[in-house]
Structures are given as structure tokens and as C-alpha cells.
Amino acid sequence: MFESVAQNVRFPDQETQILHFWKSRQIYEKSLEQRRSSPSFVFFEGPPTANGMPHPGHCLTRAIKDLFPRYRTMRGYLCRRKAGWDTHGLPVEVEVCKELGIHSKEEIEAFGVEPFIQKCQQSVWRYMQQWEQMTERLGFWIHLKDAYVTYHQSYVESVWWSLQRLFERGLLYQGNKIVWWWAQGGTALSAGEVGQGYRQGADPSVYVRFPLVDPAWKNTSLLVWTTTPWTLPSNQFAAVHPRVKYVVVHDAELGENLVVATDLLETMKTKTKRELSEVRHLDGQELIGLRYLPPFSYYHSRTGDLRGTLKAGGTDFVSWRVVPAEFVTTDTGTGVVHQAPAFGEVDYQVLLDQQERFTEGTGPSLLCAVGPDGKFTDEAPDYQGKWVKDADRDIIRQLRADGILYHQEQFLHDYPFCWRAEEDPLIQYPRRSWFLRTTQFRDQMLANNRKIHWMPDHIQEGRFGNFLESNVDWALSRERYWGTPLPIWVCQQTGKMEAVGRYDELLLKPGVKGLHVWADAKAANPDLPDDLRVHKPYIDAVTYDSPFAPGATMQRVTEVIDCWFDSGAMPFAQWGYPHQGEHEFQQQFPADFISEAIDQTRGWFYTLLAISTILFHDDSVEPDTTGVHNSFPHPFRNCIVLGLMLGEDGTKMSKSKRNYREPQEIFDRYGADALRWYLFANQPPWTSIRYNEVSIRDSIPEFLLRLWNVYSFFVIYANIDRFEPSRLLPGPLSQLTPEELSNAPARRAVPQRGELDRWILSELHGTIAFVVEAMDAYDNYGACQRLHAFVDALSNWYVRRSRDRFWSGIETDSSKLDAYWTLYECLVTVTKLIAPFTPFLAEAIWQNLARSASSDVLESVHLCDYPTSDASLCDPELSTRMELLREIASLGRSARMDAKLKVRQPLGKVEVVLASLDHQAWLEAHSALLCEELNVKQIEFIQHAEQYIDYLVQPNFKRLGPRVGKLLPQVKVALAQADGATLLATLRREGRVTLLVESESVTLDAEDIQVRLQARDGWAAAQGDQCVVVLSTELTDSLLREGYARELVRIIADWRKEVNCLYTDRIEIGVVTESHELQQAILENMDYIAGETLAVNTVLLPLEGIVAVDRELSAFTLQLFLRVVQEA
RNA sequence: GGGCGCAUAGCUCAGUUGGUUAGAGCGCGUCGCUGAUAACGACGAGGUCCGCUGUUCGAGUCAGCGUGCGCCCA
């Protein structure tokens, strides 16, 4: 016996029980253990940060990460799943600062780096529990206990090793990075923080003359525009676009010539209200190399005539020249752009480009008259000590006094302010920073990118490819506290450096000092995690004797690294490689599959690719035939880039807006399977979707419950008929595959079964083949659609049309047994098919349907192999025909609806007209099925149906388009004008017809046309694509009486339900009615009524001792006497 | 400002290499079924496929331009 299925299943409750079952039986561990020696399917977990609450968007990521490993495991692969957590970085520090109520680095230092770091370490785990809970409850199988953690010593040491290698290969260098700088707080802000602080503000907008010094350009100035006058003392270049048109104009009032972009001349005239007469036109290219006098002479007076040596030979002046730049536009300003490389990222790039032209050390160096506190230094003595923004006014006054201020106005624009100190504007400012020379490997990275299977594929050449194309060196260091310390120690005397690859390496250094700082802290607080010893401030205290100069000390640089480097290092760092885990790393690289949301394109996807490409690149290895050097081609082969999930209102999910529900609550209301199915089955995973709770809820009736009802139906009847696999199957059993089931002695082979059984098994095996192909191609959406269609077919056609067989009282009916075996095989197989998608539902069904068969059967569906399709059972023609049959049934119901004829009322005849005769014979042979479904006595297929329908003949556009081209519209007209019936008759007789179109004759065969049938008015008819169904609406008395009998059956069935009859209870029926018609109806249909209601006795008399029930039946009233017969 | 993506029914989303009647579910309306039953089914209404221009015999689909939204980067 199967366990009877609960009437009102609550999936969330069932799921919690299953979670417990998995845990106590260690099913996940067993699923891995049994694939121990199987080929690997490698999955990388992109580490989430656990310092925020998980939301439904995170569920999508985690559900997809679960789906494919589960699927591949069932397909016979070993898929290890190591969890990971991203723990470093500014967000953690910000979180702690909030908690402490402090902002600036100064305040952190005042609070103490040591306690600050400790707080960071604790803060990392703030939402850990919620994350783990969500992960488990969703059914995401991953080794949480064995997670890699980026702050752990082993992880940090792996990262150190990689940095050491990069350093030793000369790929790490120090340079300037222009950052958004909060001068008052003395810290750089991350892009995210800058983005938060944009506000509209008014800045001075000044037009300044830069007089050209070349005698040929006498009395001519470049006209330059800027909104940051305070950067003018640090001016180094003027930039023009080489391919933009410029014009020299004469200003009579001034008595001078000016150079501006042609496109901006009119704007300038309007703004200044000056007469500007055009002198001559030129390309930007002609201006390049011209020298000018900068507005301030602080630097120019010393080095204005300095020349450097060009790599290309010869010399050039280092600064105060016109240089080319592609970024110059003619939208605003003058087309000539003031360049102060210290205070702008693009300006700085111009400086780098210029430096590149000169030999080492002879080019321009960075000019910066402002200190880190945002005040002018002694390099600009007139303004020394003044905050830059406050100096604007004085600078403008000076420009006017010098006669080079041409025009001045106010400029309103968005400008970033510090989000922590709203009054403080940010400035761009150069900071020393460490870089990783990624640009050197751009082509390698592009080559590796081409080997990645991106889903959706436009990521490859689009977002990711473009990003790689415009690669710049990775600014690796951060002047912060909570991060992997940059493992570079500097000789305090010579400035020479070396990198350290692990903690033990430090301990072995000669004259190592400072280890006591950690030892003391640990002694004072034994609970301190040992991992902190490799962090600030403890690691900063460790010094040793310099190998570069006797008596000198080596001390670590102060920076930590970008935490993105941590996550990108996970392929090796998760194993602690190379200090340990060599074997695991070799086995688990590269990944077959990763997945994250699209915002990771420049995050994890990039850092994985960059680090793997650069780190494992081996110069000594000759390029292979494809020109690629490295032995590790790329870190991941297949990558699903998930869309972002927005909140219910279409905006970003936000806690304060409450535009989504917390995952835990979704689980409690609908269950994890409902959420998973919603995520997998409603759209391809890269679609950006809105969180939509109704759709989650709908997953239940649409799929989960529909399958559950079929399963429940099966169990009810299997128990009644003692269909017990445990009894019927001799074994040995393990997975209940079709082969195992075929051992049952009383089970007929599929070819011997009826058409309906063969059909659903054909659908089943077609579905298996489809789903496997889709899932191998990472197409979960396609797979789900197919599964959905199968469950629908099983429920709404197979079971619906097989009910009678399950209900048949004949125990030995072989067709009945066929139905059981067929449905059983379908259910067991579907359970395996859906296991990766909805693991809970699959498990629940498996436990009852399969486990009960034998103790040999695998204890969980998740230990099974994924089903394989048996091509010999697939019968596409049968599928097509059954589909047509279903369409006819649907049309028949539609016609009944129109004619207001209930299905309960039997009809004499339907007539079916088919557009094509291909399947008519088959349909005729199966008309019994249709008669039953439509409750008609007879079905007739007719060919000459002109009285009912019109034939609309259209060209087969796809076929004829290429052949007749421009004639197609006329062919269409000709076909429409011809008499459809005649045309069709000719076609059927002769195999082709010839039309005259535009005095050309066009010959068409049967394939060249499409026939549509159009029902004529006045008939109870419905038309579909391929056929028309016409009802005979004539009702004879006999038919009416049959209808009454069915009505009576329904009334009695209602009563059975009301009094909670068992499915097998027998009853006695007494009917009292004055209507002879009704009496006759009962007498005529006695057997039918008895069979349907399980009546052992039906009389037209009252039953003694029973209180009558009054009912209405059509126009009649009747008294019903009903009672259950006690079992003898 | 740049790159990429998205825009289809009231809502959430599909729509395979271009083929002439654009689909699903929900919601709404009408009805049916009642031994899977706190389910289920059928039918119906509902569309300028964001706009414009183009390519083509034919465009939701391809191209160009524009509008709106999102993400990433400036």
C-alpha cells in the first residue's frame, strides 16, 4: 500500500520535513560519495557578502547555482560545491563606522585600528545566519561548513603568493591614481559613495586666454574654458581634438586673435556679445605642438623652456604645448581644454600619453600645487594655505588683472559632495597607488573571453568584450584597513622592495621583529581569531633586516588590496593553493559553470578572468596553434549572466521601500519549490524581471499541484486495486527504471498496450530527450516549458481519458493494469526529471511511490540517475495525431458551448471536416475516444462539406516567397478569388494546379498552399487551424432520457460526497417521481446508473427508514432515498 | 557623456533562421464538470507588438534615428 495522500497538502510544511530528512540521512553527502570516481563537473561559488540581508534576487542566483550542479550530479558527474564568503572591503568598514558613529580615517585611527579590525571581522557575520538559512531552505546544496572565507589566513596567504608572483614578474608597479578625494577627511571615496553625493551647485565658469608664443601666431590666444579656476596654477597642457574644425577670429575691441572650435563660435558671440570676425579656418591637427603662456608662472618660470628627449628621436618642450585628445567635444566650452593632470582622470591620462613619448625621466612630471588637505602649497605662494574652492575668487581677480580673463559667468551643474559631510565638495586628486599591469595581457584576456560560453551570448562581444577592449591597468591598492594587506616590504634605507608569499616566510626572515604585537593581543584576548594575525595592524608591526643594505629595516607598505582581487583569486585561494590543496586545485580548475547577476561583469567575471590569465601565463611556454600561451585557457567555460530582479514597483529592491517580501516569508507562504519554479520556468534567467508575488503563488496550481493531483489520483486507485509494486516487482530494484519495471510478470510490454498508453509514453520519452538536451545547453526555461506541457498532457488528457479504466471493476482487465503501469512509470520518471528543479516535491513523491516498492530502492530521488530517453518508444506521428484529436475535442466543446448544449446531454452525431486527409483513417479508428469526450453517439468524417464551410486557400508564403518573389501578392489574390472547393478538388485529383498571374503561369502543388476552413453561419460549428467540427443539435427523446440519467448520476454523486462515502462504498437507490419520462429514463439506463454510482439496488420506490432528499432534475422534481449498504 | 540591454494584452512574461489569424498564466466575464473535488476544464472580451523612417513580395522579428527605463562606466 502507498501512504494515502493528504487531501490538502501544504507544501511549505512538507518541505521542512524533507529538509530534515535530507539532513539526517546526509543525502547530499551521499549524492557526492556515489559519484566519487565519476568525471568532474566543476562549479565555482562566487562569494556573496554576508553583511546585508538576502532578498529574492539573491534567491535567483542561488537557485540557478543549485539547479545545474544537481542536474549534472544526476547525469553522472561529481560536482563538488564549496561555499564561500566575501568578507573584506569598504562596505564592511562603512558598516562598522556607522555602528561607531564615526566617519573619517582620522576618527578610525583615533578609535584604534586594532579594535576597528576586530569589529570588522565580527561585523562580517552579522547576517550570516540569515544567508545560511535562506541557502538551506531554498534547497541549495552546498558545503556551508566547509566554506572558504577571504579573511582566513590560508586564503590571505594564497592571495599573497599570487601577488608575490606578480611582483616578481614586474607586473605590480606604483603610479598615481586620480581619485575622488574628500580633503577634509583625508580619504578617497569609492565610486558608489561618490554617486550618492551628487548635488546641483553653482561654480564659476571662466574663459581664459592662453597666448600663443610662436611668432607666426603673434597676438593670438587659445581661448580656454574651465569651471575649476583653482586648477589653473597647475595647468600643464591645452588639449584640442585633431579632427575638429577650429577658427581664428579677430576681436576688434581686444585687438587680439582668438582660437575656438568653429561649432562653438556662435555660442561665444552670444555669450560675450562681442564682434568676432573670422580670420581663417583650420583643423585641430594644425594647432598641435604650439606653445603657449599658462595663466600662472609658478612652474613655467622655472621649467618653461625645459626640453626632454623623445623616444622617436629629437627633443620637445615637456609642458605648455597644445596636445591632441579624443575626448574633446564641441558641446560646451571652446573646444580647447585646459589640462591639469593632477585634478582629472582624463587629464592625467593625457599626461601619461605625453610621458610615453619621452625617454625615461625626461618627460613632463606631474604638477600639483595643492596638498592632500585641499589647500594650496608653497608651490603657489600667493594662495598658500587657502582651501581651493575659496581661492577661486582671488584667482579670477588675478586673471582679470593680468588681462587674460576673457569672459566670466555662473555655471550650474551636478557636482559630488561628501555623503558624510554634506558641505564638503569632493575634488579629484592624485594619490600614489599600486597597479597591476593588466593592459599587457589585454589580447590574452580577449582570446580567453572568446572561449567562454556566455549566456546570453551578447555579453561576449558586448558588455564584457567592450570592457576588455578598453582595459586599463588595475588599481589594486586601497588606503584602508580591513582587507588583504599588500605583502610588500620596503627597505627603509634604499627603498628597494620585496614581496612575501606566506606568513611562515616572514618568520624565517633574519632579524624579524614585531611578532609580539600579535602575541600580546592574543594573550590579552585568547578568543581573537588566529586569522587576524595576517591583518592590519599586527602584520604592519612585523619588520626584518634588509637584504639590500646592512643595518636597514624592511617594513610593509601601508596599503591593503582591492577586495575584488580576493574574490577573483578564489579558484586557487579557496584551497589555500599552493601552500596546500594542490590536488584539489588541479582537479577543480577551470570551472565548467558559474553564474552571477549582470552587475558582476566588471566585478567577479572580470577579476576571475584577469587573475587567471595573468597569473598562470607562462612566458616560457610557446604559443599553441591558436596563438594562446597559457596552459590554463580560462577560468570558466559556461557562464549564465542573470538579469537583475527589481522590486514589485519596478524600482531597485530596497528595504525601506518594502517592495519585496523577505525570502523566509516566501518560503513560509508558498514554499521553496514554488519560488524555484517561478524563477526557472517563467523566463530565461538573463531576463531582468520584477519581483512578482502572484506569479510565485501561481506556480502551485499551474505545475506543482497539478502534478500532485495526478499523483494523488494514482495513489487513491492503486490502493483500492492493490496495485503494489512491492508485490508485483520481483527485483532487484534500485531506481525503478523502465528496465527494472519490465521485470514485473504481469506487466505487458509497451507495444502491446493501447494507443493512449503508447501516446503518453511517447510524450514522456520525447520530454526526456528534450529536457536533457535543453539542460545540457543550460536552457532551464526551455526544459521547464516542456515539463509543464507534459504534466498538462498527463493530467488533462491521459488521466482524464483513462479514468474509466482505473474505475473499471474488472480486476483482471489487462487494459486496466496497463493504465497503472503506464501512469506509474510516468510518475516515477517525471519525479526524477523534476528533481533538480523542484527537489522537495520530487522527494515527497519518490518516497511514497518508489521507496515503498522495496528497501533496495534508492533512499532519495536525488541519488538517482537522470532518466534517459528510449527512442523506440517515441512516436512523433502518434503525437501529431493525438494533438489533432485533442484539437477536435476542444472544438467540439467550443461548439457545444456556442449551442448551449451541456456535455452531460448526449448528442447523436458530430461531423468533422479536415483540411488534410493525412490522418483521417487513424482518427476514424479512434473515434470512440472522441465520442466519449464529447458525449456523442457517432462521429462522421466528411469530405464534401460545402454546405457547412468555405475553403480559404492561401499561398504557403515560406515556400513560395523565394520562388515567385514579387508575384506573391498576386498569387494570393488569385487563390482567394478562385473557388476553394474546386481548387482543392483539382489539387487532390491531379496533384497540382496552375494559375495565370500577370500573364505568367504558376504551378502549385499541395505543399505550396495552405487551406483554412471557415465555418458558415447557421451551424453549431467551431473551426480550428486544421479542421471544422459541426454538431448535430437534434435531440431525440431517447437522447434526452440518457441526459436525465446522467443528471441523476451527478446528483447521487453529490450526495455520496456530502455524506463522505468511501470511494468503494456500495449504495441503494430509491427514486420517487411523478414524471413518466424520468421513470423511463431510469429504467432504460439502469445499468449505467448502477455502474457509475456503485448502486447494488435501484428501485422506483421509497426506501424504508430513509428520509427523502428533494432534488430538481431539469424540469422535474424527485424524491431520493439513498443509503450505504453495510458490508456483509 | 559612453557602452550594453530592455520596451508585446489590465498584470507578469513567451515569441526559435523574417512568412501574412502574435501566444501563455494570472486577473476579469460567461459557462461547464463534480469518484483528482478547498481541485479541474472550456469559452469569451482584452493588442497601434514604444514612435518614426528604411530594407523586403512580406517586419513584433532586420537596419537607421528618436523616446522611455535599467545596469555598468565616466
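As a basis for the values below, the full set of heavy atoms in this structure was taken, side chains included, without hydrogen atoms, waters or symmetry mates. Order of the sequence lines sets the chain letters (A, B, ...), proteins ahead of strands, with each chain counted from 1.
- Applying the salt bridge (charged side-chain N to carboxylate O under 4.0 Å, His left out) rule to pairs touching residues 950-962 of chain A yields Asp950(A)-Arg1016(A), Arg959(A)-Asp1005(A), Arg959(A)-Glu1007(A), Arg959(A)-Asp1008(A), sequence neighbours excluded.
- Along RNA chain B, the nucleotide nearest to Val799(A) and the one nearest to Leu960(A) differ in position, and the one closer to the 5' end is contacted by Leu960(A).
- In this structure, CH2 of Trp708(A) is placed 16 Å from C1' of U37(B), rounded to the nearest angstrom.
- At U21(B), none of the side-chain N or O atoms of Gln1010(A) fall inside 4.0 Å of OP1 or OP2 (strictly under the cut-off).
- Across G51(B) and C6(B), the matching C1' atoms stand 16 Å from one another, rounded to whole Å.
- For the pair Tyr711(A) and A36(B), the criterion of a side-chain N or O lying under 4.0 Å from OP1 or OP2 is not met.
- The closest side-chain donor-acceptor pair between Asn471(A) and Tyr606(A) falls under 3.5 angstrom.
- Remark: P of U17(B) and CG of Asp457(A) are 11 Å apart, rounded to the nearest angstrom.
- Side chains of Asn449(A) and Trp454(A): a donor on one and an acceptor on the other come within 3.5 Å.
- The nearest whole Å value for the distance from the CD atom in Gln954(A) to the C1' atom in G19(B) is 11 Å.
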Output the pairing pattern of RNA chain B as a dot-bracket string, 5' first, Watson-Crick or G-U wobble with both distances under 3.5 Å, | for cross-strand pairs, [ ] for crossing pairs.
(((((((..((((.....[...)))).(((((.......))))).....(((((..]....)))))))))))).
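- Following rounding to the nearest Å, Phe713(A) (CZ) and C40(B) (P) show an atom-to-atom distance of 16 Å.
- Distance, Phe714(A) CZ to A36(B) C1': 14 Å, rounded to whole Å.
- Nucleotides G66(B) and A24(B), compared at atom P, are 37 Å apart to the nearest Å.
- Salt-bridge annotation for Arg706(A) and Asp792(A): present, with a side-chain N of the basic residue lying under 4.0 Å from a carboxylate O of the acidic one.
- A9(B) and G60(B) have their P atoms separated by 15 Å, given to the nearest Å.
- A centroid separation of less than 6.0 Å is found between the aromatic rings of Trp708(A) and Phe11(A).
- The side chain of Arg803(A) places an N or O atom within less than 4.0 Å of a non-bridging phosphate oxygen (OP1 or OP2) of A36(B).
- Between Phe723(A) and Tyr820(A), the distance from one ring center to the other falls under 6.0 angstrom.
- Checked against the 6.0 Å centroid criterion, the rings of Phe343(A) and Tyr348(A) do not qualify as a close aromatic pair.
- Comparing C71(B), C57(B), C26(B) by their closest approach to the side chain of Leu644(A) singles out C71(B).
- At the heavy-atom level, Val5(A) lies nowhere under 4.0 Å from the strands shown.
- Between Arg886(A) and Glu933(A) there is no salt bridge, since no side-chain nitrogen of the basic residue lies less than 4.0 Å from a carboxylate oxygen of the acidic one.
- In terms of position along RNA chain B, the nucleotide closest to Arg697(A) lies nearer the 5' end than the nucleotide closest to the other residue of the pair Gly1091(A) and Arg697(A).
- At a threshold of 4.0 angstrom between heavy atoms, the contacts of Pro955(A) with the nucleic acid are absent.
- Judged by distance alone, the side chains of Asp698(A) and Tyr678(A) never bring a donor and an acceptor atom under 3.5 Å apart.
- Across all non-hydrogen atoms, the minimal contact from Leu60(A) to Met645(A) is CB-CE, 4.2 Å.
- Rounded to whole Å, the distance from CD on Gln600(A) to P on C73(B) is 10 Å.
- For Lys177(A) and A74(B), the NZ to C1' distance is 12 Å, given to the nearest whole Å.
- Atom CG in Leu642(A) sits roughly 16 Å away from atom C1' in C72(B) (whole-Å rounding).
- The aromatic ring centres of Phe680(A) and Trp677(A) sit 6.0 Å or more apart.
- With P as the reference atom, U34(B) and G41(B) are 15 Å apart, rounded to whole Å.
- Residue Arg904(A) is classed as a sugar-phosphate contact, given heavy-atom separations below 4.0 Å to backbone atoms only.
- Counting atom types as modelled, Lys958(A) pairs no side-chain N or O with a base atom of U20(B) as donor and acceptor under 3.5 Å.
- Applying the side-chain contact (heavy atoms from CB on, under 4.5 Å) criterion to Tyr781(A), with sequence neighbours excluded, gives Pro684(A), Asp779(A), Gln785(A).
- The side-chain tip of Arg786(A) points at the ring of Phe770(A) from less than 6.0 angstrom away and within 45° of straight on.
- Remark: the separation of the C1' atoms in U55(B) and A63(B) is 7 Å, to the nearest Å.
- At a threshold of 4.0 angstrom between heavy atoms, the contacts of Val964(A) with the nucleic acid are absent.
- Side-chain atoms of Glu693(A) and Tyr691(A) form a donor-acceptor pair, as typed in the model, at a separation below 3.5 Å.
- Taking the P atom of each, G19(B) and C13(B) are spaced 25 Å apart, rounded to whole Å.
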Which protein N or O atoms sit under 3.5 Å from an N or O of nucleotides 41-45 of chain B?
| from | atom 1 | to | atom 2 | distance (Å) |
| --- | --- | --- | --- | --- |
| G41(B) | OP1 | Arg706(A) | NH2 | 3.2 |
| G41(B) | OP1 | Asn796(A) | ND2 | 3.1 |
| C43(B) | OP1 | Ser890(A) | OG | 3.1 |

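- Under 4.0 Å is where a charged nitrogen must lie from a carboxylate oxygen, and between Arg1046(A) and Glu1092(A) no such pair does.
- The Leu968(A) side chain lies nearest to U20(B) when the options are U20(B), A36(B), G27(B).
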Step-by-step salt bridge (charged side-chain N to carboxylate O under 4.0 Å, His left out) determination, Arg1111(A) to Asp1054(A)
CA-CA 11 Å; Arg1111(A) 286 291 138 96; Asp1054(A) 271 354; 5.9 Å; no
Find every protein N or O atom lying less than 3.5 Å from an N or O atom of nucleotides 1-8 of chain B, and list the pairs.
| from | atom 1 | to | atom 2 | distance (Å) |
| --- | --- | --- | --- | --- |
| G3(B) | O3' | Asn466(A) | ND2 | 3.3 |
| G3(B) | O2' | Asn466(A) | ND2 | 2.7 |
| G3(B) | N2 | Arg463(A) | NH2 | 3.0 |
| C4(B) | O2 | Arg463(A) | NH2 | 3.2 |

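- Atom C1' of G27(B) sits at a distance of 44 Å from the matching atom of A74(B), rounded to the whole Å.
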Contact string for nucleotides 11-16 of chain B, one letter per nucleotide 5' to 3', B = base within protein heavy-atom range under 4.0 Å, S = sugar-phosphate only, - = neither, reads -SSS--
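- The C1' atoms of U8(B) and U48(B) are separated by 12 Å, rounded to the nearest whole Å.
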